[in-house]
Each structure stands twice: as structure tokens, then as C-alpha cells.
Amino acid sequence: MIHRRPTRKVTLGDATHGFVSIGGDAPVSVQTMTSGYTYEIDKCVAEIHKLAAAGADMVRVAVPEKKDTAALKEIIPRVQVPIVADVHFHFQRALEAIEAGVHKIRLNPGNISDRAQVRDVIQACKAKKIPIRIGVNEGSIIERKDKQKRLKELGGVFSDNKHGHFLAIMITKLEEYLDIFREEDFHDVVISAKSIDPLLVIDAYKAISERFDYPLHLGVTHAGPKETGTIRSVVPLGHLLASGIGDTIRISYANDSIYEVQDGLELMYILGLRERLGAELIACPTCGRIQVDLYTLTQDVRKKLAAEIKLPIKVAVMGCIVNGPGEAEGADVAIFAGDRRGIIYVQGEKVANVPEEEILDRLLKECREFEAKVRSGEARLGEKKVDILPPDPIGELGSGWEKIEREKRGTALPVVK
Ligand code: SF4
């Protein structure tokens with residue numbers, strides 16, 4: 001059980017797009033960002049639909065040009081999820097996005113620092129009750145315009161304590177920026193402090209969570225391709241979330257944004273921060289004992305479960321009798337394989353012993369039937385009915401112990417029925 005840090009709560013959205021709260025007692029939300037051009041209206045709408053269908057609680061779009069904020073007027077009425085405008089350099093884009101009906105604004109203190117301009121955005125958001133995320137980012141935190149300031153800040157980057165230097169700049173810039181918001185008595189604020197360095201991300205969020213009571217948006221900036229970005233993102237985000245820090249997250253991959261949503265939700269599920277939607281799949285990594293094509297089977301099961309099962313049924317796909325019975329005991333529906341066969345269990349009860357080519361269909365049939373029983377109240381998720389006994393060593397799977405026995409005896413394989 002994770003005890004989350006108490007924070008203020010902000011809410012965005014409306015009756016058409018749904019309401020999402022961040023912080024306070026709200027569940028940790030998962031957000032992402034479109035990767036296409038916002039001004040390409042149909043494509044942008046299609047991408048937002050796809051990300052919302054995957055489970056994104058809100059979707060952010062880039063608005064670098066006036067044609068992007070103009071497009072928002074057409075995009076927002078066509079989507080069903082709150083939209084966040086990502087604003088850099090031009091405070092006018094924020095004002096235009098607010099006018100277009102956006103539900104939240106992100107400002108970067110690294111490139112919109114003029115106090116009068118920030119005040120204008122705050123007042124426009126206040127009038128429409130729109131929250132603002134103040135997002136500092138390692139990539140844009142160093143001063144670029146003021147030469148003296150830039151030299152001083154860059155000096156620290158080349159010091160022995162680069163880590164502490166960036167941390168100090170992030171906190172200072174946040175404090176300076178938040179002063180403007182306090183002066184305007186505006187507190188619908190979410191904060192982020194992203195870096196590419198996972199350890200700096202951990203330290204930065206720990207530090208700001210001690211200083212400010214605003215909800216926190218967690219993220220690792222430009223984490224890279226999914227293949228390596230997953231570890232870079234999940235290590236610090238998982239660490240922070242498990243420590244109770246973080247109220248909304250965005251995982252950033254150089255890939256289709258749908259993976260950001262899927263991985264963000266999975267992180268929530270495994271930490272018990274959100275109730276799982278759809279089946280949970282457990283599968284063994286396989287080893288030299290394997291006697292079926294478990295890789296293919298696991299991928300096929302994963303895709304079918306994602307498409308067909310809506311309840312959080314626990315499904316285990318195991319390669320042999322070493323760990324199969326244990327996992328099958330804990331799962332609602334399970335298969336453990338033997339020599340080109342698989343035994344299928346539903347809540348600990350053996351329901352079938354089928355050849356390899358029938359495993360997928362039979363397993364899915366049992367999942368569908370079990371889901372229907374849960375819906376009708378005939379069965380309950382996670383209820384264990386019986387202890388599973390591994391098959392007879394000389395037994396029905398023709399594998400594992402049987403193989404050992406056969407080798408010891410030098411006898412032929414028994415006929416599998
Ligand atoms: S369940 Fe069996 S096949 Fe799978 S990794 Fe464990 S020992 Fe190997």
C-alpha cells in the first residue's frame with residue numbers, strides 16, 4: 001500500500017471531455033502527447049482518439065504556430081478527452097489556446113520568463129478556471145538571452161557538482177516563477193522538473209515535493225527509443241511513485257505515443273495505484289525445459305486478451321511443471337505446458353489437457369467463459385478453489401520429471417492421451 005504525499009488538487013476538463021483531477025485524493029493520471037502536427041486537424045483528431053482509447057486521461061498537443069492554436073478550435077469539439085496546450089517561447093500561443101477552449105496550459109520558465117506575459121496568461125487561465133503546469137526541463141533551463149547569467153549558469157554545468165548545480169537552478173527557477181503565481185493569487189498549478197538523468201529526476205522531485213504542496217507531473221525528458229527509454233523512465237518514476245511522490249505522469253518515448261500510455265498504465269497497475277482495466281498476463285521467460293513455442297503463444301495470448309477481455313482476470317502462461325503449478329494456483333486462468341501439450345486450469349481446477357495447437361483457442365475460451373461468470377456473479381476474481389497438484393511424474397504432460405525418469409530407466413516414451 002503506497003501512502004501518497006498530500007497535495008493541493010487541481011481539476012481540468014468539462015462535461016463533454018470529462019473531468020480529470022490531479023493531486024489530492026485523485027488517482028495518478030496518465031498523460032501523453034501527440035507526435036503529429038496539430039494543424040493537420042484530421043490526423044491530430046485521429047491520434048487523440050487513438051491515445052484516449054488506449055487509456056490516456058489527457059492528451060497534450062504542441063502549438064508552436066498560430067495555425068496550431070487556430071486548429072484547436074476545430075479539434076477540441078471533435079475529441080472526448082481533456083486537451084493540454086504545450087506552450088514555449090510565445091505567450092500569445094497560450095492566450096490563443098485558452099481562447100480556443102483548451103483545458104490546461106503548460107508553460108516553460110526556461111523560455112517564457114517575462115513577468116508581464118506570464119501574468120497575462122495567469123489572468124486568462126483564471127478567468128476560464130484552467131490549470132497551468134509549470135514545467136522546468138534540463139534541456140531548456142540554462143539562460144540563453146542574458147549573457148552574464150548564462151555564463152554563470154553554464155559554469156556550474158562544467159563543475160564537479162553538475163548534478164547539484166542543475167538541482168539548484170531548477171528549484172530557483174521554480175521559486176521565481178511561482179512568485180508570479182502567488183502574487184496573482186493563482187494556485188491551480190502543477191509542477192514538473194524533468195531531466196534525462198534518472199538520478200537527477202529522483203532528487204529533483206524529492207526536493208520540490210518537500211518545498212511545494214502543488215501536485216507533481218512526473219517525467220524523464222527525452223528518454224529515447226522505447227527499447228532503452230523504458231528503463232530510463234520506469235526506474236525513477238517507479239521509485240518516486242512507490243515513495244508516494246507524483247500525481248500525474250508522462251512517459252516520453254521516441255516512438256508511437258500509444259506505448260507511453262500503455263507503459264504508464266502498466267506502471268500504475270503493478271504499483272497498485274490504479275485499478276487494472278483488462279487482463280493481467282503472467283508468463284515465464286522460458287528455459288531449456290521448454291517443449292512448446294511459448295514465445296509465440298504468450299504474444300498471441302497477450303494480443304487476444306487485450307482485444308477481448310475487459311475485466312482484470314489474472315492469466316498465467318507457464319512453460320513447465322517447475323513453476324507452472326505455483327503460478328496456476330495464483331491465477332484465475334492458467335496453462336502450463338509439457339511436451340507439445342498444455343494443461344489448463346480455471347481457479348485451480350483442471351479443465352483441459354490439450355495438444356499445443358489447441359492451447360490458444362482453449363485458453364481464450366476459458367477466459368471468456370470465466371469473464372462471463374464473473375459478470376453474472378457465478379465466480380469472483382482471485383478466488384482460489386483448490387491447491388494444484390503437479391501432474392504425475394510419468395504422467396499426462398510427458399515432460400519434466402517424466403523425462404528424467406525415462407532417461408534413468410532408458411525406457412520409451414509413454415503414449416500421451
Ligand atoms: S516455468 Fe519451466 S520452462 Fe518456464 S522458465 Fe520456469 S522452469 Fe523454465
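Order of listing sets the numbers, starting from 1, for every ligand and every atom in it.
Residue C284: no N/O/S atom is found under 2.8 Å from atom 2 (Fe) of ligand 1.
Residue S192 forms a side-chain hydrogen bond (donor to acceptor under 3.5 Å, both in side chains) with just one option from H217, R133, R106, and that option is R133.
The proximity of L294 to ligand 1, defined as any non-hydrogen pair under 4.0 Å, does not occur for either the backbone or the side chain.
The nearest heavy-atom contact from the protein to atom 8 (Fe) of ligand 1 is C287 SG, 2.3 Å. Regarding atom 6 (Fe) of ligand 1, its nearest protein heavy-atom neighbour is N323 ND2, 3.3 Å.
Between Y39 and Y37, the ring planes lie parallel to each other; the angle is under 30°, not in the 30° to 60° tilted range.
Judged by the 6.0 Å distance and 45° axis criteria, K350 is not positioned over the aromatic ring of Y345.
Of the charged side-chain nitrogens involved, none lies within less than 4.0 Å of a carboxylate oxygen, so that D332 and R380 do not count as a salt-bridged pair.
When P285, A316, G319, C320 are ranked by how near their heavy atoms come to atom 2 (Fe) of ligand 1, first place goes to C320.
Taking every non-hydrogen atom of R289 and a distance limit under 4.0 Å, the qualifying atoms of ligand 1 come out as 7 (S).
Counted by atom type alone, K206 and H239 present one or more donor-acceptor pairs between their side chains at under 3.5 Å.
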